[in-house]
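The next block holds one structure in the form of structure tokens; read it before the comments.
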Amino acid sequence: MVKRHYSALSQPTLSMSELICKTLDHDATDMLIDKWLEHRNDAYWEWFQGVRERKHAANSLRRQVLVWNKGDFLPENIFCRTVDTGRLIPLDRTWSTHVYHHRSMQDRKLSMMPVVFTMLPELMMLRGMHDLGCDDVYIIVTDMKRQEMDDVTEYFNLVCRHAFGRTCKPSMENEIQYNHMRLSHTLLKQRRTPCFPQIDIAFRAILHEKRPPFIILFSHQTTSYSQILFTHPLFVPSEEIFFDFPSGCPNPCCNDDCEMIRFPRRGVEGAAVLSIKRGRRNGKKVRSREMCNWIDCNICFNEETSQYPESSEGSQSSADSGDTPTNNGLVCSKCRLVKYCSPEHQKKDWEEHRRVCAKSASI
């Protein structure tokens with residue numbers, strides 16, 4: 001086997017990384033969610049209460065939407081519109097978290113659970129926004145300070161825009177190599193762990209091999225923040241919903257400068273979005289679909305159609321009525337938030353959808 005050598009311009013693999021990967025499975029995530037609910041943060045509780053009081057427009061079949069209409073403050077009662085399939089799905093789906101960290105953390109027997117717990121509300125929201133491809137979340141743990149995190153974020157933007165999955169121009173090669181050398185020297189001088197080349201290897205290898213909707217650069221520096229880097233604008237949380245999302249800082253007088261996790265509150269404008277080339281060998285192109293809300297159905301509706309036939313009195317009653325679906329599906333006339341390909345799938349989905357189905361505010 002030919003041994004691959006690392007450079008700023010060649011594509012690295014995860015086998016080249018010296019970082020240790022600790023995986024927290026679905027059961028560990030469930031335990032963390034239960035712990036988070038038990039020690040409820042007032043800022044997030046108040047935000048979700050505000051979401052519950054907001055009135056969602058009936059034409060939100062194609063927009064991001066977060067709905068809590070019924071029941072107690074539990075993930076299974078809070079529903080999110082997925083950005084990839086357009087389904088309205090509860091936040092109770094768990095995930096596996098793959099945390100890449102320097103070996104010194106393992107030597108000190110430091111657990112990765114606090115890393116995930118620190119950003120659990122943000123991870124729940126990001127996981128809830130995706131129906132497919134988000135069963136695995138990737139986090140790289142660093143000890144970078146604020147300016148260093150800004151510089152590294154800008155570097156990965158530069159690399160993805162000019163060299164990731166595409167031929168890099170000679171002038172940009174020089175700029176990438178210069179910035180790589182500058183960051184390597186800066187983090188080495190400050191004795192950051194892991195070093196920048198190891199961060200770069202893990203980051204670009206995960207992008208290439210796993211193709212996640214986002215990667216998180218986590219910093220346990222108290223004066224820094226953790227950065228969420230999205231791989232497509234479609235994956236960014238909507239400003240209409242998250243404009244007042246809590247910063248995560250325990251200080252009641254905090255502002256954006258003291259946020260612990262840089263969760264975008266101004267949509268794409270305030271997010272770190274990487275310019276990833278897609279298609280052919282670079283993976284499938286990202287597109288927003290509108291699918292039947294029954295989770296096991298693979299029927300996709302025509303996205304260009306703006307008029308939808310309605311059922312009679314909500315999902316269950318319309319499913320019982322025997323309405324004949326058109327090519328555009330059947331819309332629940334009670335909440336007008338979901339579509340189905342047939343009355344049969346409305347019936348199958350009712351057990352879950354009943355937890356969120358309520359009369360639309362505009363009806």
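Since this is a predicted model, take the numbers as computed values, not measurements.
The salt bridge (charged side-chain N to carboxylate O under 4.0 Å, His left out) contacts involving residues 83-92 comprise Arg87-Asp131, where partners must be two or more places apart or lie in separate chains.
Checked by atom type and distance alone, the side chain of Gln221 never pairs as donor or acceptor with a backbone atom of Lys145 at under 3.5 Å. The main-chain N or O of Leu207 is never found under 3.5 Å from a side-chain atom of Arg204 such that the two would form a donor-acceptor pair. Side-chain atoms of Asp25 come within 3.5 Å of backbone atoms of Asp27 as a donor-acceptor pair (strictly under, hydrogens ignored). Distance alone, capped at 3.5 Å, places no donor-acceptor pair between the His130 side chain and the Leu132 backbone. The backbone N or O of His98 lies less than 3.5 Å from no partner atom in the side chain of Lys22, so there is not a single donor-acceptor pair. Of the possible polar contacts, one joining the Ser219 side chain to the Met144 backbone as a donor-acceptor pair under 3.5 Å is found. Checked by atom type and distance alone, the side chain of Asp349 never pairs as donor or acceptor with a backbone atom of His345 at under 3.5 Å. With hydrogens and angles ignored, the 3.5 Å screen pairs no side-chain donor or acceptor of Asn77 with any backbone N or O of Gly71. Within the 3.5 Å criterion, the main-chain N or O of Pro114 finds a donor-acceptor partner in the side chain of Thr118. Looking only at distances, no side-chain donor or acceptor of Thr97 sits under 3.5 Å from a matching main-chain atom of Leu24.
No side-chain heavy atom of Glu122 sits less than 4.5 Å from a side-chain heavy atom of Phe242. Cys195 has its side chain out of reach of Leu187: every pair of non-hydrogen atoms, C-beta onward, lies at least 4.5 Å apart. For the pair Phe79 and Arg355, the minimum side-chain heavy-atom distance is below 4.5 Å. Within the 4.5 Å cutoff, the side chain of Met113 has no heavy atoms near those of the Val116 side chain. The closest side-chain heavy-atom distance from Cys292 to Lys339 is not below 4.5 Å. Taking 4.5 Å as the limit, every side-chain heavy atom of Leu88 sits out of range of all side-chain heavy atoms of Cys80. Within the 4.5 Å cutoff, the side chain of Met119 has heavy atoms near those of the Ile216 side chain. By the 4.5 Å heavy-atom criterion applied to side chains, Tyr225 and Gln227 are counted as neighbours.
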task = Give the C-alpha distance, both sets of side-chain angles, the deciding distance and a yes or no for side chain to side chain contact (heavy atoms under 4.5 Å, CB included) between Arg63 and Ser238.
result = CA-CA 9 Å; Arg63 302 182 317 180; Ser238 170; over 6 Å; no

message = Before you tell me yes or no, could you show the steps for Met172 and Leu158 under side chain to side chain contact (heavy atoms under 4.5 Å, CB included), namely the whole-Å CA-CA distance, both residues' side-chain angles and the distance that decides it to 0.1 Å?
response = CA-CA 9 Å; Met172 294 312 303; Leu158 177 71; 3.5 Å; yes

inquiry  = Show, in sequence, the C-alpha distance, side-chain angles and deciding distance for Ser247 and Arg265, and conclude whether the side chain to side chain contact (heavy atoms under 4.5 Å, CB included) test is met.
reply    = CA-CA 10 Å; Ser247 68; Arg265 300 173 185 82; 3.6 Å; yes

task = Please step through ring-ring contact (aromatic ring centres under 6.0 Å, His included) for the pair His101 and Tyr138, ending with a clear verdict.
result = CA-CA 11 Å; His101 60 89; Tyr138 299 90; over 10 Å; no

key: Stepwise side chain to side chain contact (heavy atoms under 4.5 Å, CB included) test for Glu209 and Thr13   = CA-CA 8 Å; Glu209 297 178 20; Thr13 63; 3.3 Å; yes

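Ring to ring, Phe73 and Phe48 are close: their centroids are under 6.0 angstrom apart. Between Phe156 and His162, the distance separating the two ring centers is not shorter than 6.0 angstrom.
The two residues Cys134 and Pro213 come nearest to each other via the heavy atoms SG-CG, 4.0 Å. For the residue pair Met124 and Pro75, the shortest heavy atom distance occurs at CE-CG, 3.9 Å. A pairwise comparison of heavy atoms in Ala271 and Val236 identifies CB-CG1, 3.7 Å as the closest pair. Heavy atoms only, all atoms of each residue included: Gln177 and Leu9 are closest at NE2-CD1, 3.4 Å. Of all the heavy atoms in His5 and Ser10, the pair that sits closest is O-OG, 3.5 Å. Of all heavy-atom pairs between Pro194 and Val141, the closest is CD-O, 3.3 Å.
Classification of the Phe196-Tyr155 ring pair by plane angle, with boundaries at 30° and 60°, yields perpendicular.
With rounding to the nearest 0.5 Å, the separation of CE in Met125 from OH in Tyr44 is 11.0 Å. Here CG of Asn293 is found 12.5 Å from CG of Leu330. Values are rounded to the nearest 0.5 Å. Here the straight-line distance linking atom CD of Glu173 with atom OG1 of Thr167 works out to 9.5 Å at 0.5 Å rounding. Considering CD of Glu175 and NE2 of His180, their distance stands at 14.5 Å, rounded to 0.5 Å. The CD1 atom of Ile33 sits 6.5 Å away from atom OG1 of Thr94, with the distance rounded to the nearest 0.5 Å. Between Met181 atom CE and Thr186 atom OG1 the span is 10.0 Å, to the nearest 0.5 Å.
Hydrophobic clustering (side-chain heavy atoms under 4.5 Å, transitive across Ile, Leu, Val, Met, Phe, Trp, Tyr) groups Phe218 together with Trp36. Grouping the Ile, Leu, Val, Met, Phe, Trp and Tyr side chains by contacts below 4.5 angstrom, directly or via other members, places Ile241 with Leu234. Side-chain heavy atoms closer than 4.5 Å link hydrophobic residues (I, L, V, M, F, W, Y) into clusters, and following such links, even through other members, never connects Ile299 to Trp294. In this structure, Met129 is not a member of the same hydrophobic cluster as Ile89, with clusters built from ILVMFWY side-chain heavy atoms closer than 4.5 Å. Put simply, Phe203 and Met149 are part of the same group of oily side chains (I, L, V, M, F, W, Y) that touch within less than 4.5 Å, one to the next.
Tested against Tyr100, the residues Thr142, Ile199, Leu14, Ile201 include a single side-chain contact (heavy atoms from CB on, under 4.5 Å) partner, Leu14. For the ring-ring contact (aromatic ring centres under 6.0 Å, His included) criterion with Trp47, the lone passing option out of Phe243, Phe263, Trp68, Phe245 is Phe245. With respect to Phe235, the side-chain contact (heavy atoms from CB on, under 4.5 Å) criterion is satisfied by exactly one of Val83, Val273, Leu126, Ile228: Val83. None of Arg191, Arg192, Lys189 except one satisfies the salt bridge (charged side-chain N to carboxylate O under 4.0 Å, His left out) rule with Glu148; the exception is Arg192.
Residue Arg182 places its CZ atom among more than 12 non-hydrogen atoms of other residues, nucleotides or ligands, all under 6.0 Å distant. Open room surrounds CG on Asp72; 12 or fewer heavy atoms of other groups in view lie less than 6.0 Å from it. By the 6.0 Å contact criterion, NZ on Lys70 is enclosed, its count of non-hydrogen atoms from other residues, nucleotides or ligands being greater than 12.
Between Asp150 and Arg262, at least one side-chain nitrogen of the basic residue sits less than 4.0 Å from a carboxylate oxygen of the acidic one, meeting the salt-bridge criterion.
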